[in-house]
Amino acid sequence: MGGGLLVAGTTSDAGKSVVTAGICRWLVRRGVKVAPFKAQNMSLNSFVTREGAEIGRAQAMQAQAARVEPTALMNPVLLKPGSDRSSQVVLMGKPVGEMSARGYHGGRQESLLGTVTDCLEQLRAAYDAVICEGAGSPAEINLRRTDIVNMGIARAAKFPVLVVGDIDRGGVFASFFGTTALLSAEDQSLVAGYLVNKFRGDVSLLEPGLDMLYGLTGRRTYGVLPFTHGLGIDEEDGLRVSMRGAVRESVVAPPHGEEVLRVAVCAVPLMSNFTDVDALAAEPGVVVRFVDRADELADADLVIVPGTRGTVKALAWLRERGLADALVRRAAEGRPVLGICGGFQVLGERIEDEVESRDGVVDGLGLLPVRVRFDRAKTLARPVGSALGEPVEGYEIHHGVADVRGGEPFLDGCRVGAVWGTHWHGSLESDGFRRRFLVEVARAAGRRFVPAPDTSFGVLREEQLDRLGDLVEEHADTDALWRLIEGGAPGGLPFVPPGAPPAVPGAAESRGAAPDPAPQSPEGLEFAGSAGFRPTAKPETQGLDVGRSAGPESAVVHVDQEAK
């Protein structure tokens, strides 16, 4: 049975995803067969595996870091917010229904513990090591009883826990101490130590604090990772994370031609898979920005309407803000517009939705001869094809079924003039197609822009993953980390008072102990036919916290991994 480690965090966006990826890349480079794992995600950025399973993009990125093919075993539970009070539950890569927070934490989450531990055990049987990513903070004391992603999974697997703290936010010592002190004695016995992330300056100035932290907790710090630009790739935390990625920073490179190309991405509500534009930003001279006002489209050479978990809601938002009228004017003027997935649906003539919004028939923007009907079955696919004379690969994640009634074929969608639409995510990562597409955009926009002939998005991604591995190898005590992975948490770790508080009256446990074991398959879950789970409470009774918005209220894309 392979060893393992749980990478937890003092907060959301502490760096758990990238640290997990960095450890995976460091291990595989030293010859260790390693796999990533995250029991439960909450994210609108997802990916389709080769077997047709939907998982979080962060786990797909971590699998690439480990140089293995991603599978549903690596992310058995995915929650996709549809509002601030409910999420679609994706179990083993397939959607099983919508559920409120109260319904999920009222028993369904506990029922999944056996499923996620079974997935973890399968990975441990096949790999030398499994590096697990936690969610938010392990000290979410209100959620500990039903936890299946932090201390619940660590306790079940007897994995040591490495707590990551973002020192760039401030208060990292208090966060380390408080996180530990809020855990039960049983949970604390698995917390091996800490990892400081995003440190700026002279490490020697930090060392007295690390010594004091050791004196207070009896736990060492396993490394201090420096603040490094360009490491926010395929994380779960949303727009502001993606915007600081290295591929975006490459826009400082001078254009290959005479002029730059400006791309505006409409920051629609519940925006999903906004990583589609990362490959555009990888091109020298392509400037990508997210916008929410009509006047911000004026100087854009290309406007992208991206994917969304709420197509009808996004359409209403575009109309409310004047962006819909601006898009219609652009199309009439022959200025480029690209719709991807939900954005493609928005550009069509009509949307019939009795599944997602349940608003019935809604008029689209009418820029493409397409009618969309939402089906309860979700399309999950990895299509391969060609466009503009170049091979293209992508992936599809949508409930909408498009009836294309004209235009020029474009992937599975169509093109009319300078307006393109497709359900394919990830198509712009195909280098030859991306370059040909940008040539078309530049011609329609009247720009003297020429794409560089040698930009490889795949090579850039590998370089980023190697940088993550370098950070771990150069700034962490890798010998000590390997001892944790191979041998578990050190014995005799002291208890840090006060420990977990008493549970609320009527709760099944009093000091944060792990939930009772659940069935080893989803058979114990209550289903309502093909629609999935049957909620035990109305969706409006308690909200799912989908985090903080990265910008305007409409662009609620900072979705965290845990459902609160």
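Hydrogens, waters and symmetry mates are skipped; everything else that's a heavy atom, side chains included, is used.
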Would you call [X]-[Y] a salt bridge at under 4.0 Å N-O?
X	Y	value
E283	R434	yes
E133	K16	no
E54	K80	yes
D466	R25	yes
D353	R358	no
R350	D403	no

Would you check, one step at a time, whether the test side-chain contact (heavy atoms from CB on, under 4.5 Å) holds for F344 with L338?
CA-CA 8 Å; F344 167 43; L338 170 64; over 6 Å; no
With a 4.5 Å cut-off on side-chain heavy atoms, are [Y] and [X] touching?
X	Y	value
I55	P70	yes
T71	E51	yes
V401	V372	no
I340	P306	no
C266	I304	no
V291	V265	no
W317	D292	yes

Between [X] and [Y], what is the shortest heavy-atom contact and its length?
X	Y	value
A402	V370	CB-CG1, 3.9 Å
A264	L297	CB-CD2, 4.0 Å
V260	F449	C-CD1, 4.2 Å
D375	V355	C-CG2, 3.9 Å
A53	A72	CB-CB, 3.7 Å
T455	P284	OG1-CD, 3.4 Å

Would you find a donor on one side and an acceptor on the other, under 3.5 Å apart, between the side chain of [X] and the backbone of [Y]?
X	Y	answer
K38	G134	yes
R330	A300	yes
N273	S46	yes
D301	R262	yes
R319	A324	no
E259	R448	yes
E429	F457	no
D166	G15	no
S357	D359	yes
E296	R293	yes

Donor + acceptor pair across side chains of [X], [Y] (<3.5 Å):
X	Y	result
Q88	H399	yes
S272	N45	no
E396	T379	no

For the pair F290 and F274, name the ring-plane relationship: parallel under 30°, tilted 30 to 60°, perpendicular over 60°.
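Plane angle over 60°, so perpendicular.
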Centroid separation F437 to W420 less than 6.0 Å:
yes
Gap separating the CG atom of L123 from the CG atom of D118, nearest 0.5 angstrom:
10.0 Å
Mind checking side chain to side chain donor-acceptor pair (under 3.5 Å) for E440 and listing every partner two or more places apart, or none if nothing turns up?
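Expected list: R415, R443.
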